[in-house]
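Taking it in order: structure first as structure tokens, then the write-up.
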Amino acid sequence: MSENIEGFILTGTHGAPGPVLCGVQASGRLDGVHFELTLRQTYRNTLDRVLEVVYSFPLPAQAVLLGFAAELNGQRKVGMVTARALAERRYEQAMTEGDAPVMLEAQAGGLHTANIGNLKPGDEIVLEIRFAQLLAFEQGRLRLAIPTTIAPRYGNPQAAGLRPQQVPVTSLLAEYPLALSVMIGASLAQAAVECPTHAFTRRQMGRELLLDLQAGAFLDRDVVLVLTPREPCPSLLVQGHDAVSGSAPHVMLAAFQTRPAPTRGPIAMKLLVDCSGSMGGDSIASARRALLGVLDRLEDSDQVSLSRFGSSVEHLQPPAYAKAGLRQRLAQAVNTIDATLGGTEMLGGLKAAFGLRHAPTCRPDVLLITDGQVWDAQPMIDAARASGHRVFAIGVGAAPAECVLRQLAEATGGACEFATPGESLEAAAQRMLARVRQVPLRELQVDWGQTPAWQSAVPATAFGGDTVMAFAGFAAAPAGRAVKLLATREDGTVTELARGEAAAPVPHDSLARLAAFRRLAQIGDPEASRFAVAYGLLTRHTNCVLVHQRAEADKAATQAELHRVESMLAAGWGASSSVFGADVLLCSALGDSPTPAAAQSSVIWKRTFPPGVYALLSIEKKVVHPPEVPLQALAEAVADYLDQGRDLAGLPSRMGEFRLHALIRQAKARAVALGIDKVGFWLVLAQWVNDRDDGYLAAWIENMLRPVLATVPANVQDAVRQVLVELLGEVPLDGWPPAGTPRQADTGMGTVRT
């Protein structure tokens with residue numbers, strides 16, 4: 001069967017054998033900033049042939065493996081972490097010998113691949129994966145996101161180090177149930193807890209709180225929990241034991257809760273929104289709300305520009321001061337933005353934003369709003385560093401590529417926020433804007449009260465209200481002195497940002513392994529491989545492998561057939577569905593205004609709705625384009641281009657990046673017919689705007705334009721100005737009249753109505 005749903009090709013066959021992956025059960029525990037989760041993936045071979053099953057799935061980007069096991073037909077084996085090449089040889093040998101090997105691999109960005117060899121007809125195997133991660137309080141809240149699927153990504157997966165069989169395959173027909181419970185420890189059990197993505201039941205268990213996902217959930221979106229403590233959280237000190245031979249036996253974690261930082265003067269903000277096809281539906285709606293949240297908090301003295309990107313880039317507003325009128329026009333433009341620009345060429349969008357010139361009163365930052373669905377972040381990081389821009393990112397959608405956006409933001413001194421449909425995008429944007437306005441905390445250092453045997457790297461910068469984490473190892477147990485986070489001011493003085501004084505013990509080795517995972521980035525090859533094996537870390541240097549040895553009569557006698565487990569399509573991806581319930585979508589289609597509430601999964605329209613409703617919702621949407629750039633902004637862009645000293649021949653290409661009103665296009669065509677080239681047209685337009693009674697009347701613009709216009713004959717310039725007066729004389733400089741509004745032009749021969 002082949003069906004086209006809003007541009008997404010659906011392929012599959014009804015009545016095919018049941019999926020090899022039957023579903024996932026998970027149970028976790030959250031204590032302060034420490035979260036552990038155990039996943040149990042159940043696979044069953046219902047076919048009549050031997051399979052080699054490969055499944056690529058996500059874990060949190062900072063997840064650290066604590067344990068891996070497999071139960072084949074009830075028999076349990078525990079995996080061992082070894083060097084990658086050794087694990088691959090062991091796996092292949094077991095395949096050849098007819099046994100049942102299992103290998104777990106870690107790829108970049110939290111992507112993992114499970115390989116299950118020689119799964120015979122009727123076999124059932126359960127993979128058990130236990131991991132831990134550290135969470136961070138950000139602006140007074142803690143957000144836990146458990147990824148369940150990988151949305152389709154743009155670009156070449158080989159750039160992320162994936163081999164062909166490891167590349168995730170997405171299907172609209174795949175459907176895998178999810179069961180999940182999370183225990184909230186006593187330290188956070190009284191916090192306000194919300195889940196914007198799923199419905200949970202709550203049970204008080206003594207001083208702790210148990211959350212159970214309600215039945216009907218699937219692996220189609222991140223599971224998000226947001227906890228807001230009723231009182232500010234103190235800085236935490238946690239102490240554990242490191243049993244690895246030759247290491248410092250005592251390890252300590254400091255999680256510093258920083259105080260709000262002082263604010264700086266006006267900001268320059270380059271707003272860059274992803275309008276590629278993957279952003280259709282829920283994601284672009286979230287992006288609009290985030291942009292409106294930013295515009296609501298800009299001030300007249302701030303500078304702002306607005307661009308959107310996909311396969312191409314459109315600058316909807318060049319850099320300008322964010323006066324009230326401009327903010328109002330930008331809000332109107334934001335409400336018409338749609339995901340109509342093709343592929344996610346994020347690198348091109350960032351480079352175009354970096355090239356925009358703001359007034360030199362402050363260094364501009366980029367606020368990127370996207371689902372992040374690209375494979376390779378490194379070229380973007382390199383370009384951002386070369387440009388000197390900080391990148392602040394807001395990840396939207398049901399399954400954003402968290403690692404890509406975190407790498408980009410943290411490498412440039414920026415920050416990340418993530419908000420699924422159902423979360424407040426306006427609040428996320430306002431928290432991000434509060435970071436941008438801060439004076440960054442720089443040259444951070446930790447005073448441990450005594451000299452550590454080793455310590456992890458401290459972030460280069462931080463923002464007040466966010467968590468700063470650091471590890472250290474000690475030969476002797478710490479003496480209980482206060483641990484301080486310090487920063488150096490611009491005048492050279494050192495100030496204390498936060499301190500922690502109590503060290504809570506951690507009974508098992510997870511703290512040492514979490515610390516080792518952080519330290520790994522500071523260790524070069526080949527030592528990194530030995531270090532990872534010693535601590536049982538799953539990395540690019542190591543795999544985890546186990547082998548179920550079959551009895552001679554039970555060995556697989558035929559070559560296994562490769563079976564790649566398909567992922568569920570992320571809810572809302574590319575407007576193929578919505579994360580909201582049928583009543584919400586139906587009301588939206590009929591023009592009503594429901595109150596959205598996070599609904600249980602059932603994400604594909606043809607699965608969610610009766611056929612009549614599905615047909616209604618599948619009607620092709622009318623594409624609404626952003627408004628055209630006003631005259632004043634076009635003149636500013638010309639002046640900015642000249643101020644940069646760039647080659648005049650490139651001016652038409654630069655101006656072609658803007659969405660031009662039909663009257664501008666008409667004026668340009670008539671001007672060229674009069675004998676002026678495209679460069680000359682833009683120069684005359686800028687001078688005409690400057691000279692209008694309601695224009696800038698700025699001497700510096702006049703002085704900049706006069707020498708470059710000297711090569712254009714005066715009579716040609718006069719003829720072009722006459723065209724501009726005729727077509728644009730009554731058009732306001734800061735906007736275009738609504739379509740259908742009669743236009744008046746003063747031609748010097750009285751008022752002509754056109």
Side-chain angles (χ1 to χ4, degrees), residues 12-13 15-26 38-59 65 67-80 82 84 87-107 111-130 149-150 162-171 173-178 219 538 543-568:
T13 303
V20 173
L21 177 62
C22 302
V24 174
Q25 293 181 310
T38 299
L39 295 172
R40 289 177 60 85
Q41 302 170 341
T42 300
Y43 303 81
R44 187 178 300 117
N45 185 358
T46 60
L47 304 180
D48 59 358
R49 48 197 178 272
V50 178
L51 300 178
E52 181 182 16
V53 177
V54 178
Y55 178 41
S56 291
F57 59 94
L59 293 180
L65 183 72
F68 177 64
E71 299 171 6
L72 177 62
N73 301 325
Q75 297 296 312
R76 182 181 177 88
K77 290 279 187 178
V78 176
M80 295 290 292
T82 66
R84 174 160 288 193
E88 290 175 347
R89 286 198 300 271
R90 187 179 180 195
Y91 178 88
E92 293 297 336
Q93 181 181 355
M95 285 285 292
T96 301
E97 295 175 352
D99 293 321
V102 181
M103 184 169 65
L104 183 64
E105 303 173 271
Q107 320 295 346
L111 185 65
H112 290 69
T113 301
N115 305 268
I116 305 170
N118 290 336
L119 195 66
K120 296 175 60 179
D123 279 348
E124 180 176 287
I125 191 167
V126 179
L127 303 191
E128 182 180 280
I129 304 161
R130 185 167 65 93
T149 193
I150 304 161
L162 297 185
R163 286 175 281 186
Q165 75 274 15
Q166 297 168 337
V167 178
V169 178
T170 303
S171 170
L173 296 180
E175 187 175 82
Y176 311 118
L178 169 66
L219 301 181
L538 196 61
N543 289 348
C544 193
V545 66
L546 60 88
V547 176
H548 285 275
Q549 293 181 325
R550 296 184 185 271
E552 195 64 33
D554 192 38
K555 289 184 182 291
T558 59
Q559 185 173 356
E561 176 183 303
L562 181 66
H563 177 91
R564 297 165 69 188
V565 175
E566 298 172 326
S567 298
M568 288 186 69

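Here, residue 1 is the first one in the sequence, and each next residue gets the next number.
Remark: N115 CG to E92 CD distance equals 9.0 Å, nearest 0.5 Å. Atoms CD1 and CE, from I150 and M568 in turn, are 13.5 Å apart once rounded to the nearest 0.5 Å. To the nearest 0.5 Å, the span separating CD on Q165 from CD on E52 amounts to 8.0 Å. Interatomic distance, Q107 CD to F57 CZ, rounded to the nearest 0.5 Å: 10.0 Å. Here D48 contributes atom CG and K120 contributes atom NZ; the two are 13.5 Å apart, rounded to the nearest 0.5 Å. Put simply, CD on Q166 and CZ on R564 are 10.0 Å apart, with the number rounded to the nearest 0.5 Å.
In this structure, L111 and S56 approach most closely via the heavy-atom pair CD1-CB, 4.2 Å. Here the closest heavy-atom approach between residue S567 and residue T149 is recorded as CB-OG1, 3.7 Å. The two residues N73 and G122 have their closest heavy-atom pair at OD1-O, 4.3 Å. The minimum heavy-atom distance between V53 and V20, with the atom names listed, is CG2-CG1, 3.9 Å. In plain terms, the two heavy atoms of P101 and M95 that are nearest each other are CG-CG, 3.8 Å. Contact detail for L119 and R550: the closest heavy-atom pair is CA-NH2, 4.5 Å.
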Q: Before giving the answer on side-chain contact (heavy atoms from CB on, under 4.5 Å), spell out for V102 and L104 the whole-Å C-alpha distance, their side-chain angles and the decisive distance to 0.1 Å.
A: CA-CA 7 Å; V102 181; L104 183 64; over 6 Å; no

Q | Residues R90, M103; criterion side-chain contact (heavy atoms from CB on, under 4.5 Å); working and verdict | A | CA-CA 9 Å; R90 187 179 180 195; M103 184 169 65; over 6 Å; no

Q. Please walk me through it: do Y176 and V24 pass side-chain contact (heavy atoms from CB on, under 4.5 Å)?
A. CA-CA 7 Å; Y176 311 118; V24 174; 6.0 Å; no

Q. For V547 and K77, what are the C-alpha separation, side-chain angles and deciding distance, and is it a side-chain contact (heavy atoms from CB on, under 4.5 Å)?
A. CA-CA 7 Å; V547 176; K77 290 279 187 178; over 6 Å; no

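Around CD of Q25, the count of heavy atoms belonging to other residues, nucleotides or ligands within 6.0 Å does not exceed 12.
Contact annotation: the side chain of E97 never approaches that of Q549 to less than 4.5 Å [non-hydrogen atoms, C-beta and beyond]. Inter-residue side-chain proximity for E71 and R40 is flagged as met; some heavy-atom pair is nearer than 4.5 Å. Side chains of E566 and T170 form no contact here, defined as non-hydrogen atoms less than 4.5 Å apart. Side-chain atoms of L538 and H112, non-hydrogen and from C-beta on, do get closer than 4.5 Å to each other.
The side chain to side chain contact (heavy atoms under 4.5 Å, CB included) test with V54 singles out one residue from I116, T113, V167, V169, and that residue is T113.
Classification of D123 and R44 as a salt-bridged pair fails, no side-chain N sitting under 4.0 Å from a carboxylate O.
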